[in-house]
Amino acid sequence: MSSRARLADIAVKAGVSEATVSRVLNGRPGVAEETRQAVLTALDVLGFERPTRLRRRSAGLVGLVMPELINPIFPAFAQVIESALSQRGFTPVLCTQSPSGATEEEYVEMLLERGVSGIIFVSGLHADTGADHARYQSLVDRNLPVVFVNGWLPGVEAPFISSDEYAAMELAVSHLVALGHRRIGFASGPERFIVVQRKLAGYRTAMKAQLGLNDNDLDQLVELSMFGVEGGAAAAQRLLDAEVSAVVCGSDMMALGVIRAARQRGLAVPADISVVGYDDAPMMEFTDPPMTTVRQPVQAMGLAAVQSLLEEVRGHTTPHTEFLFRPELVVRKSTGPHRPGS
């Protein structure tokens, strides 16, 4: 393709004259910044290589450490955070753990060796009360900007971005109580995780306030298993034996496990048992039935994490506190009115 044809294509795409395109490509003055960006965007979209002096320069690497990508809520967080970092000139480095792969500590060492500008941890060991948290304090002590998503470490001077787990359970329980349910079970992962502790506390508080139940009543309705479909199915077996008419779950994956276990017993969802998930992970509106769930505000949380980190990178101290984001109840077809005898 001739350079004239290339100029013409870029000009049409950007909605400017060929002369303007030429001025931008040759670095000449007299072009508004908005127009210049439109030309460069057209250049990228059409697949032309930018002149060397116009290529983006990376402002630095930023580590993004996540537990795994099996639960679709984690890729959702990764997409928002990586996109926001890229738009601001930073290069994201995604580090995901697996049972046979690198540990979080090994990833951190690798990131430090590469001279990252900062690290964002999503649902990492900072959310596990049984883990060693000294590593995080050491990162803060060496003045490396860090931000934590979904978890809380008292004493660590860094921004924390969390979904309000208490409010989430209040929304879920209120929805089921309004549908006439009274025996509402709770299924979640291990209690050593802060997010589970908070959900459980929110569930207990809501059940006591709205149904007048005591701790002994609630102990029969709580099953803590493993996160994931299999963990949800295992918890459901015991909750179904306890004759619950609805189950609030700690994640959408667990909710899918509850539905599977219910169907294996010949129960219909929601005719015989209602199920509420948590996260509103991608595809939950397309499950069978479409999942009623409590949506984490992933977009807002991801952007807040990036903004907080980059403020720290630029030397501007952000409040070292926990920012709580309000979740939203999304009502679909996995919940319905309680039917006596079901």
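Predicted model, so just to flag it, every value in this text is computed and none were measured. All values below come from the heavy atoms of this structure, side chains included, with hydrogens, waters and symmetry mates left out. Along the sequence shown, residues are numbered consecutively beginning with 1.
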Beyond-backbone contact of [X] with [Y], side-chain heavy atoms, under 4.5 angstrom:
{"X": "D132", "Y": "L125", "answer": "no"}
{"X": "P92", "Y": "S86", "answer": "yes"}
{"X": "K333", "Y": "P290", "answer": "yes"}
{"X": "L213", "Y": "M207", "answer": "yes"}
{"X": "M253", "Y": "F227", "answer": "no"}
{"X": "S163", "Y": "M301", "answer": "yes"}
{"X": "M291", "Y": "V330", "answer": "no"}
{"X": "F77", "Y": "N150", "answer": "yes"}

Keeping the roles fixed (side chain from [X], backbone from [Y]), state whether a donor-acceptor pair exists under 3.5 Å.
{"X": "T35", "Y": "V31", "value": "no"}
{"X": "S138", "Y": "R135", "value": "yes"}
{"X": "E311", "Y": "T318", "value": "no"}
{"X": "R265", "Y": "Q237", "value": "yes"}
{"X": "D217", "Y": "N214", "value": "yes"}
{"X": "S274", "Y": "G336", "value": "yes"}
{"X": "R88", "Y": "A84", "value": "yes"}
{"X": "H181", "Y": "V247", "value": "no"}

>> Salt bridge or not between D279 and R295? Use side-chain N to carboxylate O under 4.0 Å.
In response: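 Result for this pair is no, no salt bridge flagged.
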> Is the shortest side-chain N to carboxylate O distance from D219 to R204 below 4.0 Å?
Replying inline: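 Answer for the salt bridge query: yes.
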> Where do L64 and V93 land on the side chain to side chain contact (heavy atoms under 4.5 Å, CB included) test, with the steps shown first?
Replying inline: CA-CA 6 Å; L64 174 54; V93 180; over 6 Å; no
At their closest point, which heavy atom of [X] faces which heavy atom of [Y], and how far apart are they?
{"X": "P29", "Y": "R23", "result": "O-CD, 3.9 Å"}
{"X": "V258", "Y": "G232", "result": "CG2-O, 3.5 Å"}
{"X": "P145", "Y": "L309", "result": "O-CD1, 3.4 Å"}
{"X": "V195", "Y": "E165", "result": "CG1-OE2, 3.3 Å"}
{"X": "A14", "Y": "A38", "result": "CB-O, 3.7 Å"}
{"X": "L85", "Y": "L310", "result": "CD2-CD2, 4.3 Å"}

> Got a sec, which residues hit side-chain contact (heavy atoms from CB on, under 4.5 Å) with V140, two or more places apart in sequence or on another chain?
Replying inline: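 For V140, the residues satisfying side-chain contact (heavy atoms from CB on, under 4.5 Å) (neighbours in sequence not counted) are Q137, V146, V156, E157.
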>> Tell me every residue that passes side-chain contact (heavy atoms from CB on, under 4.5 Å) with A268, counting only those two or more places apart in sequence or in another chain.
In response: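 Residues passing side-chain contact (heavy atoms from CB on, under 4.5 Å) with A268: A271, D272.
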From [atom1] ([X]) to [atom2] ([Y]), nearest 0.5 Å:
{"X": "L221", "Y": "R182", "atom1": "CG", "atom2": "CZ", "result": "13.0 Å"}
{"X": "S245", "Y": "L267", "atom1": "OG", "atom2": "CG", "result": "11.5 Å"}
{"X": "D128", "Y": "S123", "atom1": "CG", "atom2": "OG", "result": "11.5 Å"}
{"X": "I161", "Y": "S308", "atom1": "CD1", "atom2": "OG", "result": "4.0 Å"}
{"X": "I273", "Y": "L239", "atom1": "CD1", "atom2": "CG", "result": "7.5 Å"}
{"X": "C95", "Y": "E106", "atom1": "SG", "atom2": "CD", "result": "11.5 Å"}

> Taking L111 as the fixed residue, which of V65, L61, V62 is the one that meets the side chain to side chain contact (heavy atoms under 4.5 Å, CB included) rule?
Replying inline: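 The single option meeting the side chain to side chain contact (heavy atoms under 4.5 Å, CB included) with L111 is V65.
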> Do R114 and M110 pass the side chain to side chain contact (heavy atoms under 4.5 Å, CB included) test, and can you show the C-alpha distance, the side-chain angles, and the key distance before you say yes or no?
Replying inline: CA-CA 6 Å; R114 282 159 177 72; M110 178 197 76; 3.0 Å; yes
>> salt bridge (charged side-chain N to carboxylate O under 4.0 Å, His left out) for D280 and R332? Distances and angles first, verdict last.
In response: CA-CA 11 Å; D280 195 27; R332 297 192 180 107; 3.0 Å; yes
Is there a chain of hydrophobic side chains (I, L, V, M, F, W, Y, each step under 4.5 Å between heavy atoms) that links [X] to [Y]?
{"X": "V294", "Y": "L324", "value": "no"}
{"X": "V177", "Y": "V275", "value": "yes"}
{"X": "L211", "Y": "V248", "value": "yes"}
{"X": "M283", "Y": "I73", "value": "no"}
{"X": "V80", "Y": "V147", "value": "yes"}

> Is it the case that more than 12 heavy atoms not belonging to K208 sit under 6.0 Å from its NZ atom?
Replying inline: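 Count over threshold, so yes.
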>> Just checking I70: does its CD1 atom have more than 12 heavy atoms from other residues, nucleotides or ligands closer to it than 6.0 angstrom?
In response: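 At most 12 heavy atoms, drawn from other residues, nucleotides or ligands, come within 6.0 Å of this atom.
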> Taking only residues two or more places apart in sequence, or in another chain, which ones meet D164 in a salt bridge (charged side-chain N to carboxylate O under 4.0 Å, His left out)?
Replying inline: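 Partners of D164 under the salt bridge (charged side-chain N to carboxylate O under 4.0 Å, His left out) test: none.
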> Would R198 and E322 satisfy salt bridge (charged side-chain N to carboxylate O under 4.0 Å, His left out), going step by step from the backbone distance to the final call?
Replying inline: CA-CA 14 Å; R198 290 177 169 183; E322 185 174 30; 2.8 Å; yes
>> side chain to side chain contact (heavy atoms under 4.5 Å, CB included) for R28 and S22? Distances and angles first, verdict last.
In response: CA-CA 8 Å; R28 293 182 185 137; S22 179; 4.0 Å; yes
>> Filter on ring-ring contact (aromatic ring centres under 6.0 Å, His included), then keep only pairs touching residues 275-326, sequence neighbours left out; what's left?
In response: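 Listed once each, the pairs would be none.
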>> Give me each pair satisfying ring-ring contact (aromatic ring centres under 6.0 Å, His included) with a member in residues 143-173, each pair once, sequence neighbours excluded.
In response: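 Output for this query lists F121-F148, H126-F148, Y136-F148, F148-F160, W152-F160.
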> Among side-chain atoms of T292 and H175, is any donor-acceptor pair under 3.5 angstrom?
Replying inline: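 H175 and T292 do not have a side-chain donor-acceptor pair below 3.5 Å.
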>> Can a side-chain donor-acceptor contact be found between Q210 and S174 if the only test is distance below 3.5 angstrom?
In response: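 Note: S174 and Q210 side chains meet the donor-acceptor criterion.
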> Should M254 and V229 be marked as a side chain to side chain contact (heavy atoms under 4.5 Å, CB included) after you check the CA-CA gap, both sets of side-chain angles, and the distance that decides it?
Replying inline: CA-CA 5 Å; M254 293 195 77; V229 175; over 6 Å; no
> Quick one: side-chain hydrogen bond (donor to acceptor under 3.5 Å, both in side chains) pairs with a partner in residues 60-84, sequence neighbours left out?
Replying inline: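 Found S83-Q87.
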> Out of D252, T335, T287, which residue meets the side chain to side chain donor-acceptor pair (under 3.5 Å) rule with T293?
Replying inline: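 It is D252; the other options fail the test.
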